Amino acid sequence: MAFFDSLREKAVSTINSVLQDKKTPPGLTKEQWFCREYSLPDGEVVVAENAAEVAVISDFSTSAYKDLNNPEGRIYLTQHFIVFRDAFDRRNCSFTLHVSTVKKVERLPSKSYAVALAIGTQSKLTFTIYLVGLRSDSEKFAQTLKTVLKRNLPNVKKLQPFVQTCYSEYLLFKNNISSEKIESVPPGGLGLLFKFPGNPKELRDKSKMKLWFDLFRVDGRNLSLVKTPMFYRLIRVGLPNRLRGELWELCCGSMYLRLDYQDEYKEILEKNLHKKSLATDEIEKDLNRSLPEYAAYQSPEGIERLRRVLTAYSWKNPEVGYCQAMNIVVAALLIYMSEEQAFWALNLLCDRIVPGYYSKTMYGTLLDQRVFESLVQNTMPMLWDHITKNDIQLSVVSLPWFLSLYLSSMPLVFAFRILDVFFLQGPQTLFQVALAILKINGEELLKTDDDGSFISIIKDYFQVLDQSAHPSSPNPKYRSITKFQELLVTAFKEFAIVDDEMINTHRNKHRDTIFQNISSFVKRTELRNLPKTVNISSDTLSVIYDRFYSVVQSSVTVGSGSSLMDFNAFRTFMSEICRWVKPESDSGPEDTVFLHHLFSNWDTEGQRALSLSDLVSGLNKLVEPDLMTMITNFFDLYDYKNKGKIDREGILQISEDLLYVTNPWKEGYVLDDITKQAIENAVADEVYKANAARESNDGEILIPSQMDIDKPKFEGLQVERYLQAASTFIQRAFEYAQPEEEELLIKDLAIDNTISHNAALNPNTPVFLNLPTFRMVILADETYELLFSKTLRESIQLDTPLDNKINSMRNLRDMFDGLLADGRKVANKVRRRMDSAASNALHSNNNLSVNSSDNTSLKSGKSKIQEEEEERDDDFGVISIDEKDKDLLLGAEAQVLMDPTVDNASRTNELKKFHDAEAAAGKTVHKFEGDNLIEFET
Amino acid sequence: MSFPNPATSVKLVLLGEAAVGKSSLVLRFVSNDFQENKEPTIGAAFLTQKCTIGERTIKYEIWDTAGQERFASLAPMYYRNAQAAIVVYDITKPASFIKARHWVKELHEQASKDITIALVGNKYDLVEDDTEEESLRKVSVEEGKGLAEEEGLLFFETSAKTSYNVNDVFIGIGSKIPEAASAGPNQIHQTNNDGRIDLTSDPNNRPRAAGDCAC
């Protein structure tokens with residue numbers, strides 16, 4: 001005996017390991033896959049499992065049934081369910097028992113098994129479970145069951161109200177089978193009020209009802225039902241009208257959601273009463289166009305229910321919202337289901353059974369069409385050849401079948417039969433039926449050569465589904481087989497191989513292509529929707545788009561996510577393209593002030609997030625090439641009230657932000673044009689000196705590829721220049737800021753001589769900086785002027801490739817190497833020095849060659865100079881000051897010199913920090929200018 | 001013996017925002033009918049209609065697409081190989097005109113190079129009796145014409161409800177489609193028809209007078 005036991009045990013465990021080997025589709029965890037396999041709500045986790053034999057007994061079990069061998073298989077325990085499946089054939093016996101229905105658990109004495117448990121349920125079934133295997137494992141399982149039952153106690157109270165809503169319970173109660181008192185007819189579908197589609201006699205609805213009644217008595221119902229072969233057989237022949245809704249939700253598992261979230265549907269509706277959205281508008285448009293031929297949808301009752309379920313779902317899942325075709329599906333569900341049942345079924349449909357069918361990009365629909373095409377190609381190669389040869393767009397025919405679950409294509413009675421199987425087996429059903437349709441009509445379809453006739457053959461076929469498939473057969477049994485029966489047989493027998501696994505394989509194969517197509521379509525559309533940007537080319541927009549979605553956590557392809565950029569994403573985005581934004585890791589809160597400022601300024605909708613369009617418009621302003629417009633744009637950032645003036649706080653903020661933005665230059669790790677020019681000049685001087693020392697005739701100037709330059713000197717100069725600029729800015733800004741106009745007027749009238757004539761300098765007087773003054777102050781400083789005309793713009797590299805973030809720490813060496821690599825500029829400078837030296841000295845030989853063996857350590861890189869007349873570029877020509885502005889500046893300068901009130905005393909502490917730098921900068925600026933002067937002298 | 005001219009097939013796609021009247025335009029053209037509550041188009045609907053223009057008979061294969069925004073990603077499937085397109089907007093809804101502009105761009109970028117596009121402002125019936133001060137019209141004729149000229153489109157304002165200008169759209173497109181091109185860009189299609197001349201199936205269907213559409 002023990003030998004056989006262990007043998008059996010071995011067999012069971014082998015089979016179980018085979019069962020578990022079934023591939024988990026990618027994107028799902030093992031737990032999720034388990035939930036899907038057994039239609040459990042997501043989140044259920046197996047807490048214990050064991051090999052087991054089970055016996056299920058009810059008062060109505062026939063003796064024949066009792067004599068059957070006990071099914072062997074594996075039993076799983078999750079937080080809320082006891083799941084069993086037969087190890088050899090799941091369809092032989094399986095059950096999903098909700099622990100809330102467990103009334104009592106008894107331990108039975110057993111000699112042959114380690115542990116035997118008798119579980120009594122609310123439906124009066126007794127599940128006897130014989131745990132097979134090590135005693136310790138079995139004990140542990142029993143112990144865990146105890147814990148699970150205990151933990152679930154608070155949920156048990158949900159059972160009673162739930163049972164009241166199950167037609168199965170009502171049926172048994174009415175027939176005196178169940179002691180469960182069901183007070184009234186449970187809420188059901190519109191069919192109860194408006195008649196169910198089809199002729200109940202023809203459908204043999206009563207007989208079907210009787211068969212289910214028998215099954216419920218023996219095998220239990222709703223939350224505690226044992227699925228035997230009879231269960232599947234009864235689904236195949238079509239469900240009876242009154243039980244259809246409940247069995248749909250049982251098969252797909254939405255029943256468990258309805259049990260768990262009993263008030264949610266009502267609450268969603270109450271919470272969103274009278275609220276409107278794009279989805280609700282779209283729903284309104286379609287309410288009168290959903291199965292309009294069915295009586296209920298010509299009445300307010302039907303329309304109201306449809307509206308409530310669709311809008312409730314759109315609020316529950318705004319990412320999906322509402323998609324046309326959902327109206328048809330829900331309208332169909334509501335014929336057999338109560339609103340709540342339909343609501344939860346719709347949830348499960350969109351989340352699990354056909355994900356992505358109704359999403360914003362409908363990726364699931366597109367993907368499954370592609371999968372369908374490849375299945376046709378594999379299973380019916382001749383037809384596929386014909387379709388491609390004639391350029392017939394197959395998905396155009398099949399897309400509505402999948403999207404509306406055949407409800408808009410076939411007569412309803414037949415579509416519902418397909419739904420019966422669909423809720424049990426999932427999406428494979430849709431594929432199997434679709435393939436069968438093509439197969440059955442294959443011969444006819446092979447004769448067509450355009451979409452039009454292709455469509456009409458199938459349209460006609462759907463209209464004769466009730467007719468005999470073999471009208472001329474002498475065998476009456478054969479003659480009685482309808483086309484629809486033939487379709488089901490073909491679908492589920494011939495295409496049985498098309499199962500979930502095969503579909504998943506195909507989906508994985510095509511997913512990337514489909515997603516790519518969608519992304520490029522969505523991208524095209526979004527880019528087209530963007531406001532016009534004169535400073536950003538369309539190629540750059542494309543890069544910005546990609547970067548936007550690389551930092552915004554949303555999936556374009558599945559059509560979810562709001563595609564809005566929050567501040568953190570914005571910061572990441574900017575740090576990838578701006579020299580002055582440090583990555584989050586090495587920056588403090590003070591580094592985000594300016595970014596916050598840009599962020600809130602660009603946030604046009606005031607939703608604390610940027611849309612792509614906000615971002616692009618903002619960036620467009622930030623990379624403005626025109627100096628004056630750029631200054632204006634910057635000014636506008638601080639002109640909060642759009643009054644054309646900035647107050648004291650604003651001025652201080654500007655100066656802080658300018659300091660922040662100029663950090664890379666102020667700290668000397670990026671060089672601006674002024675410094676570059678200075679370095680070039682210095683290099684040119686060196687080279688010139690070297691060349692002058694050795695006379696040569698070959699007309700070539702050799703530019704060394706490497707050269708030691710006084711790096712700290714140039715860095716130092718630049719640092720000082722930027723500090724000086726900052727200091728000068730704030731000084732001048734307050735100097736020229738004006739007091740409030742009205743106030744000025746009042747003061748003028750008062751003729752109060754005791755008040756200082758420059759009110760702006762009084763910290764208590766409100767002062768304002770207007771645009772012309774701001775402009776003047778900026779233009780008065782060459783560094784800041786360059787900042788606005790070039791430096792800032794060039795520090796933002798919008799087209800930085802996605803995988804190549806900007807390196808803000810580019811060092812001087814790189815810069816210098818770059819300068820030498822493009823030796824022409826330096827060569828030109830050298831040339832000019834030589835030319836002028838030559839003309840000065842009236843030297844006859846201008847052609848010098850520079851050799852590389854000088855005081856600098858060099859590897860020579862040759863650069864041949866073209867003889868061309870060029871303007872000198874070593875003066876600071878980049879900075880051209882408008883004549884008018886120049887006058888202004890001159891006037892301003894003059895004022896500074898003459899105005900005795902320009903005294904640091906009137907300025908407050910904010911300025912203090914600039915002072916030291918200013919003092920230090922004083923000398924060096926002179927020195928710097930001195931360098932320039934030398935240039936002009938040559 | 002005189003046969004009616006063989007009908008040349010023209011694949012035509014209708015695009016435009018939801019509820020601007022795409023399906024209604026088609027219904028008017030194909031069945032000379034109008035319905036207030038039409039079932040929404042799932043994916044696309046396919047209809048055919050013949051139209052005689054001068055000596056030519058054109059068989060329009062009309063792909064009427066779903067207008068809801070999210071169905072837009074399916075559109076490439078339908079405008080693929082189309083020789084003609086009607087981009088519809090509602091003259092009382094400015095947003096639908098913006099959408100139309102996008103569709104035109106999409107077609108220029110993605111559809112066949114020589115596609116003939118007609119821009120159609122529908123629901124003319126709503127503004128017919130309007131006074132100048134008080135009008136439901138939100139998109140002016142000039143705006144429509146402007147876009148059409150800019151992009152090289154035919155331009156019409158129509159009413160599917162009153163049938164105003166509807167046939168003219170299809171006649172306009174038919175006259176603009178070059179004779180050679182109307183056989184279809186997919187040469188396979190053409191070769192397949194070789195040797196079996198389409199006698200438009202109905203010998204009684206004599207060609208009608210020029211401009212008189214067979215509807």
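Keep in mind the model is a prediction, meaning the values are calculated, not measured. Numbered from 1 within each chain, the chains take letters A, B, ... in sequence-line order.
Scanning residues 95-103 of chain B against chain A with a 4.5 Å heavy-atom cutoff picks out B:H102, ordered by number. Scanning residues 325-334 of chain A against chain B with a 4.5 Å heavy-atom cutoff picks out A:A325, A:N327, A:I328, ordered by number.
Once rounded to the nearest 0.5 Å, the distance linking CG of A:L527 with OG of A:S538 reads 8.5 Å.
Looking at A:R528, the atoms closer than 4.5 Å to chain B (heavy atoms on both sides) sit in the backbone and in the side chain alike. Heavy atoms closer than 4.5 Å to chain A are found in both the backbone and the side chain of B:F71. If you measure heavy-atom distances from A:E282 to chain B, the contacts under 4.5 Å come from the side chain alone. Both the backbone and the side chain of B:A72 have a heavy atom closer than 4.5 Å to some heavy atom of chain A.
Around CD of B:E143, the count of heavy atoms belonging to other residues, nucleotides or ligands within 6.0 Å exceeds 12.
Put simply, the side chain of B:V166 does not reach to within 4.5 Å of the side chain of B:N32, judged on heavy atoms. Within the 4.5 Å cutoff, no side-chain heavy atoms of B:F34 are placed close to those of B:L27.
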Q: Apply ring pair (Phe, Tyr, Trp, His ring centres under 6.0 Å) to A:F431 and A:F402, showing your working.
A: CA-CA 8 Å; A:F431 288 98; A:F402 286 78; 5.0 Å; yes

Q | Pair A:D391-B:R80, salt bridge (Lys or Arg N to Asp or Glu O under 4.0 Å): steps then yes or no | A | CA-CA 10 Å; A:D391 198 38; B:R80 198 180 58 110; 3.4 Å; yes

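Just one of A:D286, A:T280, A:D281 meets the side chain to side chain donor-acceptor pair (under 3.5 Å) condition when paired with A:Y322; it is A:D286.
A salt bridge between A:D368 and A:R507 is present, with a side-chain N of the basic residue lying under 4.0 Å from a carboxylate O of the acidic one.
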